[in-house]
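In what follows, a structure is listed as structure tokens, so that the remarks can point back to it.
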2 protein chains.
Amino acid sequence: MPTVSSEELAAAAGVNSAKLRKDFSYLGSYGTRGVGYDVEYLVYQISRELGLTQDWPVVIVGIGNLGAALANYGGFASRGFRVAALIDADPAMAGKPVAGIPVQHTDDLERIIQDNGVSIGVIATPAGAAQQVCDRLVAAGVTSILNFAPTVLNVPDGVDVRKVDLSIELQILAFHEQRKAGEEAAAADTAVAPAARRQPADKGPDGDVPAVMPA
Amino acid sequence: MPTVSSEELAAAAGVNSAKLRKDFSYLGSYGTRGVGYDVEYLVYQISRELGLTQDWPVVIVGIGNLGAALANYGGFASRGFRVAALIDADPAMAGKPVAGIPVQHTDDLERIIQDNGVSIGVIATPAGAAQQVCDRLVAAGVTSILNFAPTVLNVPDGVDVRKVDLSIELQILAFHEQRKAGEEAAAADTAVAPAARRQPADKGPDGDVPAVMPA
DNA sequence: CCATCTTTGTGCACGCGTTCACAAAGACAT
DNA sequence: ATGTCTTTGTGAACGCGTGCACAAAGATGG
């Protein structure tokens, strides 16, 4: 029986082994003391807990570049997601296959949701159309929405929305990049005039800025 | 002079007003007691701290659906990012304009990076090509990489990588969705036989599972 | 069957971020 | 000027997640 120890897994994942064991213990998973975790059993337990063993039909609304990219994305199928339908407002798109799935018109949105028992919708429309699409999805029975449109969506209680902003990650990189440049400058400063270090409490219109930001 | 109070902002953002004030104080931003924060000044300070006032040339490598979607994404320009070049390995793509920018061939990658002083690269290639592209970007001087390919990239120290997995958000939604279903079932259970509630310590091969997951 | 060795599961302590609560600052009215 | 009222900036308390350290569990060998 192939097994792994929490120590091995932790090293591979770059985390603390105790944290890993504690997390596993929350799942009710059992390892064997002196041996480790049965790999197959562990994978199954985690998959089940994460909902990967279930079939999740999703619809993608808005088949532009992003919608098409999502429809083609390989990572979905392997995680239990099935693209049940592609929906677009453009009549010219209707019937055209994207990623092997024919695009359907927005008019049929409600029917599609209900016929396929869809509870998760993906919005990849322009910002202007997003709220309206969202309302129709919710009215048709969707209770979870993944929003790629750059708008904040209003939904009733009981509906989950997650917003993906493709530029946020880029912004975080730029922030660190800026910091790298700043560090170099500060290091140079110190080399030249260590005693001239600015005070930590130094503030004001032109004040320098301490460390704050997502990791 | 238009102003906002921390209370207003906190309510709008759905966070605690004290946290907001403390965060602002780290930026060295100054509000006026009894009045609030000068909106224009605040916006400028935050923009500057986040690096939004700088011009960040980026290259996008891999102009498939996703690459094209990114090239067209409006959110970039408004956040200080400028798509300096689009690069693809397919010779047939070369010269074709996407989002108004002509696609260039991978052969010229190094030159493009250097000519434009690019320090941030976006990888939207298939998984197989990602590491190779990454190596070339780094060798050419890129120090921050945004990776959309489903692979873990190896980079030397000093280079930042952020990985975006489009299915993770979907997976989180599915997790909560599963939980909603579970809650309903549990509620039904309780209604019928409240005394039969399972013990919190109940574990085992079929054990139930407690609360664990990203929010 | 006992001793030893490995690895789990977890109580406990520490540290960090969030929230509370309030003094100080400034605006504004009288 | 003086007092009142609003809102900031921040010290202190709290809570939660992380990491340490160890007892308990079980495998393995003699």
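No experiment lies behind these values; they were computed from the predicted model shown. Within every chain, numbering begins at 1; the chains are lettered A, B, ... in the order of the sequence lines, protein sequences first and strands thereafter.
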Checking only heavy atoms, does the side chain of B/Lys22 share a donor-acceptor pair with the base of C/dT18 at less than 3.5 Å? no

Set out, in order, the CA-CA distance, both residues' side-chain angles and the distance that settles side chain to side chain contact (heavy atoms under 4.5 Å, CB included) for A/Trp56 and B/Leu173, then state yes or no. CA-CA 10 Å; A/Trp56 293 105; B/Leu173 281 175; over 6 Å; no

What's B/Tyr37 touching, base or sugar-phosphate or nothing? Going by heavy atoms closer than 4.0 Å. sugar-phosphate

Is a donor on one side and an acceptor on the other found under 3.5 Å between the side chain of A/Ser17 and the backbone of A/Glu7? no

Just the rounded figure in Å: distance from C1' of C/dC16 to CG of B/Asp23. 14 Å

Polar side-chain contact B/Lys19-C/dG17 base: donor and acceptor under 3.5 Å: no

Whole angstroms only, please: what is the CZ-P distance between A/Arg21 and C/dT7? 11 Å

Across the strands shown, which category fits B/Ser6 at heavy-atom distances under 4.0 angstrom: base, sugar-phosphate, nothing? sugar-phosphate

Atom-pair distance (CG on B/Leu9; P on D/dT7), nearest Å: 12 Å

Look at the side chain of B/Arg33 and the base of D/dT8, then say whether one donor and one acceptor between them are separated by less than 3.5 Å. yes

A/Glu7 CD to C/dT8 P, in whole Å, measures 8 Å

B/Asn147 side chain vs B/Thr151 backbone, donor-acceptor pair below 3.5 Å: yes

Start at the 5' end of DNA chain D and walk down; is the nucleotide closest to A/Gly34 or to B/Ala18 reached first? B/Ala18

Interatomic distance, A/Phe24 CZ vs C/dT8 C1' [rounded to whole Å]: 12 Å

Can you check the A/Leu27 CG to C/dG9 P distance for me, whole Å? 11 Å

Could you state the atom-to-atom distance from CG of B/Asp38 to P of C/dG26 in whole Å? 16 Å

Please determine whether side-chain hydrogen bond (donor to acceptor under 3.5 Å, both in side chains) holds for the pair B/Gln45 and B/Tyr41, giving the CA-CA distance in whole Å, both sets of side-chain angles, and the decisive distance to 0.1 Å. CA-CA 6 Å; B/Gln45 283 300 326; B/Tyr41 180 65; 3.3 Å; yes

Ranking C/dG26, D/dG19, D/dG26 by distance to the side chain of A/Asn16, first place goes to D/dG19

Audit row: B/Asp160, A/Arg179, salt bridge (Lys or Arg N to Asp or Glu O under 4.0 Å) steps and yes/no: CA-CA 12 Å; B/Asp160 280 347; A/Arg179 226 120 232 286; over 6 Å; no

Please report, rounded to the nearest Å, how far the C1' atom of D/dT8 is from the OH atom of B/Tyr26. 15 Å

